[in-house]
Each structure stands twice: as C-alpha cells, then as structure tokens.
Number of protein chains: 2
Amino acid sequence: MSKNCRFAVAVHTCALLGMEDGQPLTSEWIAGSVNTNPVVIRRILSALAKAELVTSIRGSNGGSLLAKAPEHITLLDIQRAVDDDDTPALHNQPPNQKCPVGRGIQPVLRRVLDRAEAAREAVLATTLLAEVIGNIRACQ
Amino acid sequence: MSKNCRFAVAVHTCALLGMEDGQPLTSEWIAGSVNTNPVVIRRILSALAKAELVTSIRGSNGGSLLAKAPEHITLLDIQRAVDDDDTPALHNQPPNQKCPVGRGIQPVLRRVLDRAEAAREAVLATTLLAEVIGNIRACQ
DNA sequence: TCCTTTGTAATGGTTGTTATTACGGTTACA
DNA sequence: TGTAACCGTAATAACAACCATTACAAAGGA
C-alpha cells in the first residue's frame, strides 16, 4: 500500500474531469474539491498528461480535460501515471553474500512480491474510471 | 508497495531460524547475515514474538527460535506481524463535502483498494516459509 | 496590453525509517 | 555469588519522502 495520496488525488481529479465532460476545469477549481493547493493538482495533472490521460489548455479560460473516454481509462493507468513504480530495495544494505540465506533471499523474495503485486494490479486494471464515476453518482 | 524493509528482514530472519532448526540464533549473528545492527533485528524479533511466530531465550547461550514449523507460517503472517496495516488516509485533508465528488470519492476508492489489497494478500497467504526455505536451498 | 491560467523550481515543515548508543533485566556457568 | 552473554526497549540523530506554499516565467484570450 503506497504511502502518499497522489493516487487518490489523481482519481478524484479524473472523476471530476469525467463528470464535467468537455468543460475544462482549472487547477484552482479542482483544488477546491480535493481540498489542497492548486500547485499540488497541477503536478498531478502534469503526470497524467505525460501518460496521455489528460490534456491542458493554457491561458485565459484554460483548464484540463480528459484525453480519453472514462470507459477507456483504468485505475491502473492512473496509478502508473502518478506513482513511480521503482521497486524499492528489499534490504537497505545488501545482505551478507557469505551466508547462504543472504545470497539466496533476495531473488526468492522478489519473485513472490512481484506475483503479489501483479495480483493487486490485476484488480486495478479491471476497474474503469467510468465505474468509479458511476459509483459516485449512485451514492448521491 | 511498502517503503520499509521490515518485511524483507523479517522473512530473512525467519528463514535463518527455520534452517537452523532447534538451534537458537543470537540477534548479533542474524544481524551479520542481514547486514544491519543487532537492535534492528531485536525489534523485528519482538514484533514476530508478539505474533507468536518466534520465541526468545534470554540470558547466556540464549537466542531466538521459530515457534511453529515453517510449513505453518505464511508470508502474510510475517507481513502482518511487522507492518502496521493502519490503512493510511486516502486524502491528506478530507475532501470538500460540498462537492458531489468530494463526498463520494473516498468510500468508492476505499472499496476498490481493499479488493486490490486482498488480492495481493491472497498471494502472500498461500506462500509458506517452508517454500521460501526450499527455494533458497535450491539456488545454492 | 492586460488578465487568466498552466508549468515548474525552490523551500520549509512534518513524518516515517534506520542506525546507533545506552542501559536494565535474565540466565548459564564457573 | 560473580560475571559474561543475551534480550528488550528507550532515546536520539541522520536521512529521505511527501505535501503545502511562494514565486515566477510562459502561453493565450479579450
């Protein structure tokens, strides 16, 4: 479980954009809904734009729009856009290579953790932004 | 993906204990294999003991032992023992409740993330410490 | 030209993690 | 009955990640 809230803010942002279809929203407006600073939103939007999930219009009357229909954006797309998935080192210092366990533990653990992470991502990959928007609408 | 290495150190420690069956290992010895400070190991062992996965013998000739056979310890047991699973708040500040999305986003997201986390834990729950030890032995 | 808006750099505060020192309690053994 | 070898845990410092905020350059409409 990641320790930052970029993913939550990114999904929140995309849901707003998806519900106001075609209407560009400013970072300040989005920040008002998320309850944070507009610059935080712009950083998230910048990451989403690099992944080609949103586009931005600069200047007066500008703002951001979804680049794809919510039916074509998965939560995994969003997660990959905003969370650097550089898998952190298992151990902080490399373990003692003179010990059989020290030598063998890392590849073994890595394999298991990769399988576990793949299972987690499979759930996100099958959840569409459109479903999230539908659920939000349903609980009003 | 968690950002600390407690889980890796805990599995490493349990694998050592499981391979030296019956022989108590000192925190200093384990620290030599993990390549860290003995106090770090003792903290991990303390958490593992609270979860009744290991026992410790104090005093001279003391050390730690597995409390169960490696066939009866899953990686999920170990993870739960050393990682506080207090699910962090999705948003840092609660979102704006006057906005429909701000009101609805958190329960919806929480549900999806709980499902994703359950899928991840299912993999850890079906991986036994005994398998890890077997894999380490196999790649010597 | 002026105003609005994005894009991004720089900075400070907060929090989580690891390493390390220190010290008290426990136990085997001479 | 000492003493040495252990564990258990508190305290602290160093370090990194993250977020909020200020600041400012660049873009674009009126």
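Sequence lines set the chain letters: A, B, ... in the order given, protein chains first and strands last, and positions in each chain run from 1. Quantities reported herein were computed from a predicted structural model and do not represent experimental measurements.
If you take CD1 of B:Ile41 and P of C:dT20, they are 12 Å apart, rounded to a whole angstrom. Going from atom CD of B:Glu28 over to atom C1' of D:dA4 covers 13 Å, rounded to whole Å. Rounded to an integer number of Å, the gap from CG of B:Asn4 to P of C:dT17 is 5 Å.
Each of A:Arg43 and A:Ile57 lies near DNA chain D, and the nucleotide nearest A:Arg43 is the one positioned closer to the 5' end. Across the interface with DNA chain D, nearest-nucleotide mapping of B:Asn61 and A:Thr36 shows B:Asn61 to be the residue nearer the 5′ end. The 5' end of DNA chain C is approached more closely, in terms of each residue's nearest nucleotide, by A:Gly59 than by the other of A:Ser46 and A:Gly59.
Between the side chain of B:Arg58 and the base of C:dA28, no donor-acceptor pair of N or O atoms lies under 3.5 Å. Taking 3.5 Å as the limit, the base of D:dA17 and the side chain of A:Arg6 contain no donor-acceptor pair of atoms between them. With hydrogens and angles ignored, no donor-acceptor pair closer than 3.5 Å exists between the side chain of B:Arg42 and the base of C:dT21.
Between B:Lys3 and the phosphate of D:dC18, there is a side-chain N or O to OP1/OP2 separation shorter than 4.0 Å. Distances shown here put a side-chain N or O of B:Ser27 below 4.0 Å from the OP1 or OP2 atom of D:dC7.
In this structure a side-chain-to-backbone donor-acceptor pair under 3.5 Å is missing from A:Glu20 to A:Gly18.
The side chain of A:Ser60 sits closest to D:dG29 out of C:dT17, C:dA19, D:dG29. The listed nucleotides are D:dA10, D:dC7, D:dC19; the one nearest the side chain of B:Val39 is D:dA10.
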